[in-house]
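Heads up: numbering here begins at 1 and tracks the sequence.
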Amino acid sequence: MCPIGTYQRYKDDLDYVTKWLATTAQAHGYLFEPPTNPLNSLQELGVGRLKGKARKEAKEAARWYDTKTKKQCVIKIRDLIPLAELITSCQPPISVPEAFAASLRRLIKHRGRFSGLLEKTGFNLVNLAHKYPHHLVGILAAVCNILEPRMSFSKIPIGSETPSEGGTVDFIGYFGDLAREEVSDFVNAIDPPRPELPSQGSSAIEFPLEPPKSKENAVFALYHFYRDLQVIQDYAVSVWMGFFTGDAGVRRPLASPALLTILCIGLVQDLEKDITLLCRSHGDVYKVSQELALHLSNRQSMSSDVTEDSYGTDEAMLVPSFNMLRKLCNGLLGKKSNTISHDFDPSKEFPLQDGPPVEEKRETDSHILQWFFVESYLLATKKSGYVVEDEAIKGMRNLAKTTDVPLPLAFAGHVFLDIHRKHGEQVTDAFDVMVQQLLYMHNELEDYKKFQEDSPRGAVDRNKSRRRELNDLMKDIDSVISDAGFDERMKVHKKLGIPVTNRRHDFLRRNPILCGLTLFHFQSRMERLTLATLNASPAPIAATYLHYALADELLIEYIWHDVHMFLEVFGVSSLFTDGDVPHGRDNFNRQLLLRLGWPASVLSSGDEQVDLEATTKQQPVPSKGEILRMYIEKCMPGKAESPNWTRGLIRSMPKLADGRHFKGDGGRDLPSYMPMVDEEIQGRKRAMQGSPTYTLSNIPIWELLHQCSVALQDDHKFFTYPSLTFIRMAHSCLDDVREACEPLLKEHLPGYDCGPEPHRFVLWLFRAVTCGVESAALRNEIFQAAATAMAAFISSEIGDETSHRFQHTTGLKYEFLRPDNIYGCHYSVMPRPSEEELAKMRDWTKRDDLFR
């Protein structure tokens, strides 16, 4: 498990301190008693079979003493002191790793500050160990004092204010600022590498620390969980700024912030597991939260983003969502008709106003949360007509089954609220853009369908399953945009006594997350269809090879942006056999034959001997965007997801895969629309010298989310590239080239007998200009005729049709970037729909407020 959250990092530090002490002591002669399973001990004493609460508690304890797969010896907290004493007494002296000291320092600092002990003792660890000998902090301080003679330090921890003299750091200099530091170096710490633990040989023993049982530990864990949750929530809301406001009207893709929000909720679900387990023995999360609220009211040490009023504290602990979900659990699931007490009208409640009086805010939030959870419940349990489910819909389905209020569901409600508070009237832009993109997608499918019907037989792919998938995709887009499930949902509203709204898409229009997921659903289906069609149609590959062959000989001056974009999206190595653009007609001809499926053994006998009309299968264009692919099944309605989905996605991030080290952005390279909202992060940025090096084991949450955001945005182009349009353009271009060159080929190329497929014509053309036509002048004349025809097509109105469509669907514009003159892409202002398109969309959705 990778320690992503603050409490998880705390556990990782405590585990490392325990293991280093135990394994080092064992390596120097310390003998550990064999572990004892509590269930076995009770049975040996003749207690018999335990029942009820006693058996449950014994099983819980036995979980920490599992000896079925590994030998374990549970270390008690008080045993850390004798282990440290033994290590100190060893000869020759044992050097304490600086990574151990760094972990020990964080443990003392954060546990001591939370309990208020550091304020009472300052940085004097001797006093801390003397006054609190049975407290975890006191025990750790004692361990620190015992190991002092064996410690050495190369630098002061980042954030420390104690200066070093002569470049050296002593014990007091390293541990002396524990009480005064304000900058958190806990999750953000960049430690020296941890050395390997001492070898145990064949009889390896695990050394877990005894399970924490105190209420203080549960409150401590819950405190840091809510702080992590606040960072995640702030990021989930802020990431939408790239879509709603952007820079100078430039929008980022709609699907990316929606998918990142889903990841944020998944992170909360992951982090909650440890917290729920700790709080179970003290009631539950809600009861322990009350203890935490009392602690915070005395110390007022919660995140700076939490207001001092009681409602602000309630919001930080998700109390409004919890209360509403409990109410709905008792009402909707109990079939009580008076559960929905407020006649909700979205047009009157939205947009949310910033900074209203607390009571007014409390009432408004209650109305909106009620509407959000009730609509999500109906979409989860009734026929909705929606093609995706977000975490709120899935959470309401689980709530209906178990009646337990899941914390991630409450978190999803507060993210919904905060998005509306932060972005106000702009929230409906997500629905407008979703409809716009689905219209463009529908148009592309229609154009390709017509192209198939009008093309000669054998020139295009006529696979029945792909034709059926194309028709189903068009039908489903039409169903979603027309809100085909609206009438059915209204019947359910009336049956349950829920106030009925008389407008289609009211919920979807106010839910940007669901809009982004809906768009992504169709983008993923479109990508699957278009990639399969692209791999069944060799024309785009043949057109690409011909264009670059003509440009290689400077026979064509026009830049065909569609071909350059094709290479930028899928990669040169994916399209050219040798991994790079070749040079010379012969090399282009040979690589194209290999790419289209002719084996190298056939080519060895000479290109003129190759049967160009033989049936072959081209090498497929590989699929891209592996990060986005992990979301496809997760967002499907009723799909059971893997419990390790979040961890799997995080580990597949390009910079985090394989445990590689990478330089963090340090917040400096974050886009302007993604501000850092946590003051401690801002302080951390000011304190850092250079860019920190991260791995999956020490990456802070905000850096992790940033890396995920970048990866999602990078993968977006693979799912939105208009391959069907490029297939049509490649066919049109090659048809023009064929019309110009075929008379010359029939006259001068012996044996020319080309079928209707465009790629076979390109192969015959390459044969003519390489070895098929004897006269060099004639070969050049044929190639020049091809260049003239292709240049005329590129300069025509439809020459860059693929690039234009790509810009309309993503905002990405491909061109040669100045001053480097490197071909690449950048985000530009996404064009506003034409009046004709607007009229079609408004009629399609039955809403006249689109793009108002």
Undergrad: What heavy-atom pair brings Glu272 and Pro408 nearest, and what distance separates the two atoms?
TA: OE1-CD, 3.5 Å
Undergrad: Is there side-chain contact between Glu389 and Leu379, with heavy atoms separated by less than 4.5 Å?
TA: no
Undergrad: Would you say that Asn511 contacts Glu375 through its side chain, given a criterion of any heavy-atom pair below 4.5 Å between the two side chains?
TA: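 No - every pair of side-chain heavy atoms lies 4.5 Å or more apart.
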Undergrad: Enter the distance from Gln269:CD to Leu263:CG here, rounded to the nearest 0.5 Å.
TA: 11.5 Å
Undergrad: Just how far is it from atom CG of Asp429 to atom CE of Met434, taken to the nearest 0.5 Å?
TA: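 Result: 13.0 Å between the selected atoms.
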Undergrad: Evaluate the side-chain proximity of Thr518 to Tyr386: yes if any heavy-atom separation is below 4.5 Å, no if none is.
TA: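 Tyr386 vs Thr518: side chains apart.
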Undergrad: Evaluate the side-chain proximity of Phe522 to Val387: yes if any heavy-atom separation is below 4.5 Å, no if none is.
TA: yes
Undergrad: Assign the ring pair Phe520 / Tyr631 to parallel, tilted or perpendicular, where the plane angle (0 to 90°) is split at 30° and 60°.
TA: perpendicular
Undergrad: Is there a side chain to side chain contact (heavy atoms under 4.5 Å, CB included) between Asp390 and Ile265 once you walk through the steps?
TA: CA-CA 10 Å; Asp390 62 6; Ile265 298 173; over 6 Å; no
Undergrad: Counting C-beta onward and ignoring hydrogens, is there a side-chain heavy-atom pair between Phe243 and Val433 closer than 4.5 Å?
TA: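 A side-chain contact under 4.5 Å exists here.
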Undergrad: Apply side chain to side chain donor-acceptor pair (under 3.5 Å) to the pair Glu444 and Thr725, showing each step before the final yes or no.
TA: CA-CA 7 Å; Glu444 183 177 3; Thr725 301; 3.2 Å; yes
Undergrad: Less than 4.0 angstrom from a charged side-chain N to a carboxylate O is my criterion; do Lys624 and Asp714 meet it?
TA: no
Undergrad: Side chains of Ile232 and Leu271, heavy atoms from C-beta outward: is any pair under 4.5 Å?
TA: yes
Undergrad: Specify the closest pair of heavy atoms between Ala392 and Phe372, including all atoms of both residues, with the distance to one decimal.
TA: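 Nearest heavy atoms, Ala392 then Phe372: CB-CZ, 3.5 Å.
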Undergrad: List the atom of Leu438, the atom of Trp844, and the distance in Å for their closest heavy-atom pair.
TA: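 Taking every non-hydrogen atom into account, O-CH2, 4.4 Å.
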Undergrad: Could you give the distance from OG1 (Thr428) to CG (Leu508), rounded to the nearest 0.5 Å?
TA: 11.5 Å
Undergrad: Test side chain to side chain contact (heavy atoms under 4.5 Å, CB included) on Lys394 and Lys634; report intermediate values, then the result.
TA: CA-CA 10 Å; Lys394 291 181 178 181; Lys634 181 176 178 62; 3.9 Å; yes
Undergrad: Within the side chain of Glu488, is there an N or O that forms a donor-acceptor pair under 3.5 Å with the backbone of Gly485?
TA: no
Undergrad: Are any side-chain N or O atoms of His716 and backbone N or O atoms of Leu254, one a donor and one an acceptor, separated by less than 3.5 Å?
TA: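 Here the side-chain-to-backbone pair does not exist.
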Undergrad: Can you tell me if His505 uses its side chain to pair, donor with acceptor, with the backbone of Ile481 under 3.5 Å?
TA: yes
Undergrad: Show the nearest heavy-atom pair for residues Pro512 and Trp240, with the distance to one decimal.
TA: O-CH2, 3.4 Å
Undergrad: Restricting to non-hydrogen atoms, name the atom on Phe806 and the atom on Pro722 that form the minimum distance, rounded to 0.1 Å.
TA: CD1-CD, 3.5 Å
Undergrad: Please answer whether the main-chain N or O of Arg504 pairs with a side-chain N or O of Arg847 as donor and acceptor at a distance below 3.5 Å.
TA: yes
Undergrad: Has Ser709 got a side-chain atom pairing as donor or acceptor with Leu705's backbone, closer than 3.5 angstrom?
TA: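 No, because the side chain of Ser709 does not come within donor-acceptor range (under 3.5 Å) of the backbone of Leu705.
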Undergrad: Is the shortest side-chain N to carboxylate O distance from Arg362 to Asp365 below 4.0 Å?
TA: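 Answer for the salt bridge query: no.
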Undergrad: So, taking the atom named CG in Leu838 and the one named CG in Leu439, what distance separates them when rounded to the nearest 0.5 Å?
TA: 9.5 Å
Undergrad: Are Arg629 and Glu626 within salt-bridge range, i.e. N to O under 4.0 Å?
TA: yes
Undergrad: Closest approach of Pro253 and Gln713, non-hydrogen atoms and distance?
TA: CD-OE1, 4.3 Å
Undergrad: Given Tyr440, which partner from the list Gln436, His442, Gln437 fulfils the side-chain hydrogen bond (donor to acceptor under 3.5 Å, both in side chains) test?
TA: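 Only match with Tyr440 under side-chain hydrogen bond (donor to acceptor under 3.5 Å, both in side chains): Gln436.
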Undergrad: Considering residues at least two apart in sequence or located in another chain, which fulfil the side chain to side chain contact (heavy atoms under 4.5 Å, CB included) criterion with Met324?
TA: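 Counting only residues at least two positions away or on another chain, Met324 forms a side chain to side chain contact (heavy atoms under 4.5 Å, CB included) with Lys327, Leu328, Ser366, Leu369, Gln370, Phe373.
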Undergrad: Let me confirm one number: the CG-CZ distance from Leu222 to Arg227, rounded to the nearest 0.5 Å.
TA: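 Rounded to the nearest 0.5 Å, the CG-CZ separation comes out at 13.0 Å.
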Undergrad: So, Asp472 and Lys475, do they make that salt bridge, N to O below 4.0 Å?
TA: no
Undergrad: Pair His521, Val480 - check side chain to side chain contact (heavy atoms under 4.5 Å, CB included), show working.
TA: CA-CA 11 Å; His521 167 82; Val480 167; over 6 Å; no
Undergrad: If you define the side chain from C-beta out and look only at heavy atoms, does anything of Glu391 sit under 4.5 Å from Leu409?
TA: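 A side-chain contact under 4.5 Å is absent here.
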Undergrad: Evaluate side chain to side chain contact (heavy atoms under 4.5 Å, CB included) for Leu724 paired with Asp447, printing each intermediate quantity in order.
TA: CA-CA 9 Å; Leu724 297 183; Asp447 291 342; over 6 Å; no
Undergrad: Is Arg509 salt-bridged to Asp483, going by a charged N under 4.0 Å from an acidic O?
TA: no
Undergrad: Can you confirm whether Leu445 sits close enough to Met526 that some side-chain heavy atom of one is under 4.5 Å from a side-chain heavy atom of the other?
TA: yes
Undergrad: Do the ring planes of Phe244 and His423 sit parallel (below 30°), tilted (30 to 60°) or perpendicular (above 60°)?
TA: tilted
Undergrad: How long is the gap from OG on Ser723 to CZ on Phe718, to the nearest 0.5 Å?
TA: 11.5 Å
